[in-house]
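Report on the structure given below.
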Protein chains: 2
Amino acid sequence: MARYDVKQEVTDKYSLRGRVFHKIREDILSGKYKEYEELKEVAIGEELGVSRTPVREAFRQLELEGLLQIVPNKGAYVTGITSKDVQDIYMIRSLLEGLCARWATENITREQLDELEENVYLADFHAAKGHMEQLAELDNRFHQILYEACHSKQLERLLVDYHEYVLRVRKKTLAGRRGQVSNEEHRQIMEAIKAKDKDKAEMLANQHIINAYDNMVKNGLHDM
Amino acid sequence: MARYDVKQEVTDKYSLRGRVFHKIREDILSGKYKEYEELKEVAIGEELGVSRTPVREAFRQLELEGLLQIVPNKGAYVTGITSKDVQDIYMIRSLLEGLCARWATENITREQLDELEENVYLADFHAAKGHMEQLAELDNRFHQILYEACHSKQLERLLVDYHEYVLRVRKKTLAGRRGQVSNEEHRQIMEAIKAKDKDKAEMLANQHIINAYDNMVKNGLHDM
DNA sequence: ATAAGTATAATTGTATACAATCATACGATT
DNA sequence: AATCGTATGATTGTATACAATTATACTTAT
């Protein structure tokens with residue numbers, strides 16, 4: 001009847017258990033396995049140096065995440081994502097990121113706010129220098145801080161999932177001018193949270209995701 | 001490279017594959033397995049007449065759904081849901097049901113609208129007669145129609161998951177006066193959709209979930 | 001030549017066997 | 001008596017074996 005801490009989950013990601021799961025997940029999101037491609041249990045197993053058992057368990061989880069589609073007695077197929085799916089996900093994310101920003105305004109700690117501020121200033125620097133990799137890293141971290149700061153395990157789980165999910169289609173979105181504009185939006189969100197303006201923070205976070213989507217569509221990245 | 005239809009997923013739920021998964025899920029949601037209870041693979045397997053393999057696969061899926069927490073080499077424990085978790089989920093659902101109603105307004109078919117209207121009138125009848133079981137059934141169906149009518153696989157998947165999820169805490173919410181009030185809200189949502197008033201439909205659906213939550217808290221059902 | 005039917009191969013579904021890890025109890029040592 | 005160490009049992013992690021299903025190729029009949 002022991003009450004194990006949820007933090008266990010986080011470490012699991014990088015420990016032995018779930019290694020297979022995350023590797024396959026990564027390979028789907030990175031585009032190594034194409035849409036509608038059939039994944040064979042033995043083939044994947046050999047590639048990862050394991051038997052079918054852990055692969056099957058990973059397949060079942062990936063199906064639940066919507067990344068795989070398993071047809072009984074036939075096979076596992078990489079789920080096809082249509083441009084409408086992407087649009088829907090961004091609209092859903094827009095609402096949830098807004099709620100996250102609202103809750104973060106209420107619950108953010110001094111340390112988290114400091115890191116948020118530092119993040120924005122650092123991103124300014126790297127945007128000016130054209131360091132796209134660091135910019136992408138900082139963008140990820142900015143949202144991650146908010147996910148933690150909203151102080152809701154439920155919302156955090158959803159948003160982390162979606163955030164990883166959209167990496168599949170978002171890869172090069174921060175390149176070009178969007179990087180600087182995006183960080184300017186980050187700054188405004190940060191300022192609103194700092195000023196404890198919940199409504200403004202929510203509205204800005206809403207719009208931030210919509211803008212990211214619009215930019216992605218403009219660059220023609222939505223039809224993968 | 002065959003393109004299997006998503007409808008396969010639906011039938012799977014009730015076919016052989018996933019039987020174990022749904023049974024265990026049901027037993028957790030129904031409260032048969034208590035919070036923090038440890039589930040043993042062999043014990044569950046014997047109870048369902050299967051070996052450990054399908055049970056393990058189900059465990060992995062249930063962990064991803066947040067219903068189980070698996071600690072490596074130790075065991076699977078039923079996830080404890082705090083009252084804050086419940087509150088968060090209802091807030092999240094409120095936003096998503098609102099979005100669903102908005103999209104349903106844009107995409108609902110004639111047949112779906114008819115069924116929605118019929119649903120409301122039928123529920124009126126059963127509410128007056130005090131038929132609580134039928135009322136609960138109609139409530140489920142009302143939301144289900146909206147999930148289908150919003151015409152978004154992504155949003156539907158989320159909302160169906162949450163809807164089943166909250167059954168764990170919602171069981172007796174429709175009893176008492178809430179049944180009639182709830183159906184009056186259904187009627188307003190339906191009318192707004194019929195009038196193609198997206199904003200109103202969204203707002204009403206938002207409030208509908210908030211009201212359900214407030215009622216649940218008032219009745220003291222949130223601390224399970 | 002085409003189509004149906006059958007046999008063979010490949011793949012998934014499930015059960016079982018073995019390995020690794022963890023919990024518990026007992027005993028030895030201080 | 002308390003504590004550490006070891007041994008034993010229980011449980012999970014993984015691999016493999018077998019069963020069931022599906023896909024493919026070949027044969028045969030029209």
Side-chain angles (χ1 to χ4, degrees), chain A residues 1-9 11-25 27-28 33-34 36-64 67-79, chain B residues 1-9 11-25 27-28 33-34 36-64 67-79:
Chain A
M1 264 278 213
R3 190 158 175 163
Y4 293 99
D5 199 320
V6 181
K7 282 178 184 170
Q8 188 77 34
E9 272 181 30
T11 56
D12 283 357
K13 268 196 174 180
Y14 309 101
S15 77
L16 276 169
R17 200 180 71 76
R19 206 193 83 231
V20 176
F21 169 70
H22 283 93
K23 181 67 174 79
I24 300 174
R25 190 175 197 265
D27 287 342
I28 294 176
Y33 303 128
K34 302 282 181 290
Y36 307 113
E37 181 175 346
E38 181 173 1
L39 301 188
K40 308 272 173 63
E41 294 174 358
V42 280
I44 305 287
E46 281 174 6
E47 192 174 326
L48 302 180
V50 294
S51 78
R52 286 174 54 208
T53 309
V55 174
R56 279 182 64 84
E57 291 175 1
F59 277 15
R60 291 295 189 276
Q61 293 180 297
L62 290 165
E63 183 190 30
L64 219 67
L67 260 52
L68 280 184
Q69 197 162 343
I70 298 177
V71 180
N73 291 313
K74 283 202 182 144
Y77 305 86
V78 178
T79 302
Chain B
M1 266 279 216
R3 191 159 176 164
Y4 293 100
D5 200 321
V6 182
K7 280 176 185 172
Q8 186 78 34
E9 272 182 29
T11 56
D12 283 357
K13 269 196 173 180
Y14 309 102
S15 78
L16 276 171
R17 201 180 72 76
R19 209 193 79 231
V20 176
F21 170 70
H22 283 91
K23 181 70 174 75
I24 301 175
R25 190 174 196 267
D27 286 342
I28 294 176
Y33 303 129
K34 302 282 181 289
Y36 307 112
E37 183 175 343
E38 182 173 359
L39 301 187
K40 307 271 173 65
E41 294 173 358
V42 281
I44 305 287
E46 281 174 7
E47 193 174 326
L48 303 180
V50 294
S51 77
R52 286 174 55 209
T53 309
V55 175
R56 280 182 63 84
E57 290 176 0
F59 277 15
R60 292 294 188 277
Q61 293 180 297
L62 291 165
E63 183 190 30
L64 219 67
L67 260 51
L68 279 184
Q69 197 162 344
I70 298 178
V71 180
N73 290 313
K74 281 198 183 149
Y77 305 86
V78 178
T79 302

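Convention: sequence-line order gives letters A, B, ...; per-chain numbering from 1. Note that the structure is a prediction, hence the values are computed from the model and not measured.
The nucleotide whose nearest atom lies closest to any side-chain atom of B:P54 is, among C:dT14, D:dT12, C:dG13, C:dT14.
The minimum heavy-atom distance linking A:Y77 with A:Y36 is given by the pair CD2-O, 3.8 Å.
Along DNA chain D, the nucleotide nearest to A:E57 and the one nearest to B:K40 differ in position, and the one closer to the 5' end is contacted by B:K40.
Within the 4.5 Å cutoff, side-chain heavy atoms of B:V78 are placed close to those of B:L68.
Straight-line distance from the CD atom of A:E41 to the P atom of D:dT16: 15 Å, rounded to whole Å. When rounded to the nearest whole Å, the span between CZ of B:R60 and C1' of D:dT14 equals 11 Å. Atom CD1 in A:I70 sits about 18 Å away from atom P in D:dT21, given to the nearest Å. In this structure, B:R56 places its CZ atom 14 Å from C1' of C:dA15, rounding to the nearest Å. Between the P atom of C:dA10 and the CD atom of A:E46 lies a distance of 13 Å, rounded to the nearest Å. Rounded to an integer number of Å, the gap from NZ of B:K74 to C1' of D:dG13 is 16 Å. Taking atom CD on A:E38 and atom P on D:dT22, their separation rounds to 13 Å, with Å as the unit. Between A:N73 atom CG and C:dT14 atom C1' there is a gap of 11 Å when expressed in whole angstrom units.
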Exercise. Go through the steps to decide whether A:T79 and A:I28 satisfy the test side-chain contact (heavy atoms from CB on, under 4.5 Å), and finish with yes or no.
Key: CA-CA 9 Å; A:T79 302; A:I28 294 176; over 6 Å; no
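If you take CD on A:E47 and CG on A:D27, they are separated by 6.5 Å, rounding to the nearest 0.5 Å.
Residue B:V42 is classed as having no contact, given no heavy-atom separation below 4.0 Å to the nucleic acid.
The phosphate of C:dT14 (OP1 or OP2) has no side-chain N or O of B:T53 nearer than 4.0 angstrom.
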